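Keep in mind the model is a prediction, meaning the values are calculated, not measured. Remember, it's 1-based here, ligands and their atoms both numbered in the order they're listed.
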Amino acid sequence: MSNKEKSSVVSGFYKLPVKERIEFVKKFSNLTDEEAKLFSQSLNIDIADRMIENVLGNFELPLGIAVNFLINGKDYLIPMTIEESSVVAAASNSAKIARINGGFKTESTDPLMIGQIQILHIKDVASAAQDIINKKKEILKIANDQDKVLVKFGGGAKDLEVRILDSPIGKMIVTHLIVDVRDAMGANAVNTMCEALAPILEEITGGKVRLKILSNLADKRLVKATAVFDKEKIGGEHIVDAFLESYNLAAIDPYRAATHNKGIMNGIDALIVATGNDFRAIEAGAHAYAAKSGQYTSLSHYYKDKNGNLVGELELPVAIGIVGGAGNIHPKAKLCKKILGIKTAKELAEVVVSLGLAQNFAAVFALSTVGIQKGHMSLHAKNIAVMAGATGEEIDKVADKMVKEGKIKLDRAEEILKEIR
Ligand code: MEV
């Protein structure tokens with residue numbers, strides 16, 4: 001069965017024992033016995049030792065699965081690696097609501113990354129800029145000679161943009177090399193091309209090249225996700241209005257927008273990490289994009305449609321790959337990509353942005369109604385119970401009592417533990 005014919009809807013997934021959750025995922029994603037065993041295995045120390053320097057061991061984070069996702073008509077189970085409680089459950093709940101109106105719909109640009117080459121000490125920047133444009137064909141050829149494989153797969157350097165910038169140290173030219181990186185994140189390909197172009201750009205301009213590096217503001221590699229959240233399912237039109245009141249603060253105020261966008265990144269980063277991608281690159285791109293108008297604002301937008309339902313839209317740059325990088329070395333990252341059943345980096349990016357929108361909807365919905373503490377409390381109480389020394393069934397008993405009392409404190413957990421022992 002292909003993922004297209006399967007449903008990711010599972011009620012009470014969170015109540016299943018870990019073993020049964022693995023069985024469900026194994027069946028959904030056609031995992032082998034060997035692959036299913038990976039969930040309980042740590043990263044081999046030799047692999048870790050080749051990934052970074054001065055390795056001592058591994059640092060484990062929980063890997064959970066968000067369920068219920070329907071994106072462009074296809075069902076997905078989404079692996080999420082994150083330390084924060086409530087995030088996975090919240091994404092799954094949003095996805096369930098979004099399904100009522102057809103799930104998430106996405107659109108994306110080609111996977112175009114930007115490489116920057118900074119050229120200084122030029123006598124006449126205007127004519128040097130024109131000279132670069134006149135030699136565009138030659139420059140693109142040198143860039144493409146650096147990565148024949150990428151070109152073979154339809155990617156490669158496609159265009160040049162020349163910017164003249166004024167700075168406290170004088171005028172400079174910044175040449176943007178636009179590269180279609182296909183299924184890669186693209187940093188290596190773009191950086192190699194930019195470095196190779198330094199001599200010819202110095203020759204053309206008579207200037208000195210300094211920086212040669214990709215830009216994380218990948219605003220030519222955009223993905224947009226849209227979903228309609230059913231007004232009845234979320235409690236009626238007055239809840240839609242309450243949601244829009246909350247959202248509007250993020251639209252106008254950077255203090256709120258930062259937190260609002262952090263909620264989006266809760267989902268996005270968890271999937272980026274699970275697939276072995278660079279979450280710092282995505283964070284940098286997302287926040288720079290959020291400030292593109294000159295004022296930092298919300299990455300998502302919400303409005304009410306003619307039926308009174310809530311429409312959510314999220315657009316951001318997503319520079320991620322499915323070939324090369326840690327995602328091809330780390331066994332769990334490879335496993336997570338298999339669970340997703342994604343075929344291209346574009347498809348993965350579309351899942352990423354849909355998840356970000358789901359996460360954002362869940363957070364703002366909770367904030368507009370009951371607040372977020374309620375959702376956090378149960379897992380938080382369990383952690384406090386464990387800290388107080390509870391084990392096995394004691395954990396739930398101590399946690400439940402503290403939640404009922406509305407007092408989740410270590411000293412209270414210790415008292416309850418004494419009482420029940
Ligand atoms: C917490 O990790 C994320 C939220 O603060 C996001 C938001 O405020 O929208 C709940």
Side-chain angles (χ1 to χ4, degrees), residues 14 61-66 69 78-98 104 224-229 233-235 239-274 279-280 282-291 295-304 310-316 318 352-384 403 408:
Y14 69 99
L61 283 173
L63 171 64
I65 288 285
F69 273 83
I78 304 187
M80 298 177 75
T81 295
I82 188 161
E83 86 300 340
E84 186 173 334
S85 66
S86 305
V87 170
V88 179
S92 304
N93 285 338
S94 299
K96 201 169 172 184
I97 299 170
F104 298 84
K224 182 173 171 184
T226 308
V228 179
F229 299 97
K233 193 72 194 169
I234 66 176
I239 302 289
V240 174
D241 293 336
F243 187 107
L244 290 172
E245 284 169 3
S246 301
Y247 155 66
N248 269 288
L249 183 57
I252 57 158
D253 175 29
Y255 286 94
R256 172 59 201 150
T259 324
H260 179 97
N261 290 343
K262 190 273 183 185
I264 293 171
M265 302 316 287
N266 273 347
I268 289 183
D269 284 347
L271 176 52
I272 297 294
V273 174
F279 64 93
R280 286 88 55 214
I282 303 294
E283 285 278 348
H287 295 290
Y289 192 64
Q295 155 141 354
Y296 185 86
T297 182
S298 165
L299 279 165
S300 60
H301 301 281
Y302 289 91
Y303 59 90
K304 205 194 285 190
L310 180 72
V311 184
E313 293 173 353
L314 174 64
E315 183 182 73
L316 70 151
V318 189
V352 164
V353 179
S354 301
L355 178 60
L357 180 58
Q359 209 68 62
N360 181 228
F361 165 78
V364 179
F365 173 68
L367 288 165
S368 309
T369 52
V370 292
I372 58 151
Q373 286 309 90
K374 193 165 177 259
H376 275 122
M377 278 313 149
S378 140
L379 270 180
H380 175 58
K382 283 186 193 172
N383 285 330
I384 299 289
V403 171
I408 299 164

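Every protein residue with a heavy atom nearer than 4.0 Å to ligand 1 is included here: E84, R256, T259, H260, K262, G263, N266, A363, L367, I372.
For K304, the NZ atom is densely surrounded, since the number of other residues' heavy atoms within 6.0 Å is greater than 12.
Below 30°, between 30° and 60°, or above 60°: for F229 and Y302 the angle between ring planes is between 30° and 60°, a tilted geometry.
Under the 3.5 Å distance criterion, with hydrogens and angles disregarded, a donor-acceptor pair is assigned to the side chains of N261 and Y296.
Taking the charged nitrogens against the carboxylate oxygens, E245 and R256 have no contact shorter than 4.0 Å, which rules out a salt bridge.
Among residues two or more places apart in sequence or in another chain, the side-chain hydrogen bond (donor to acceptor under 3.5 Å, both in side chains) test is passed with S246 by S368.
In this structure, the separation between CD on Q359 and CE on M265 is 11.0 Å, given to the nearest 0.5 Å.
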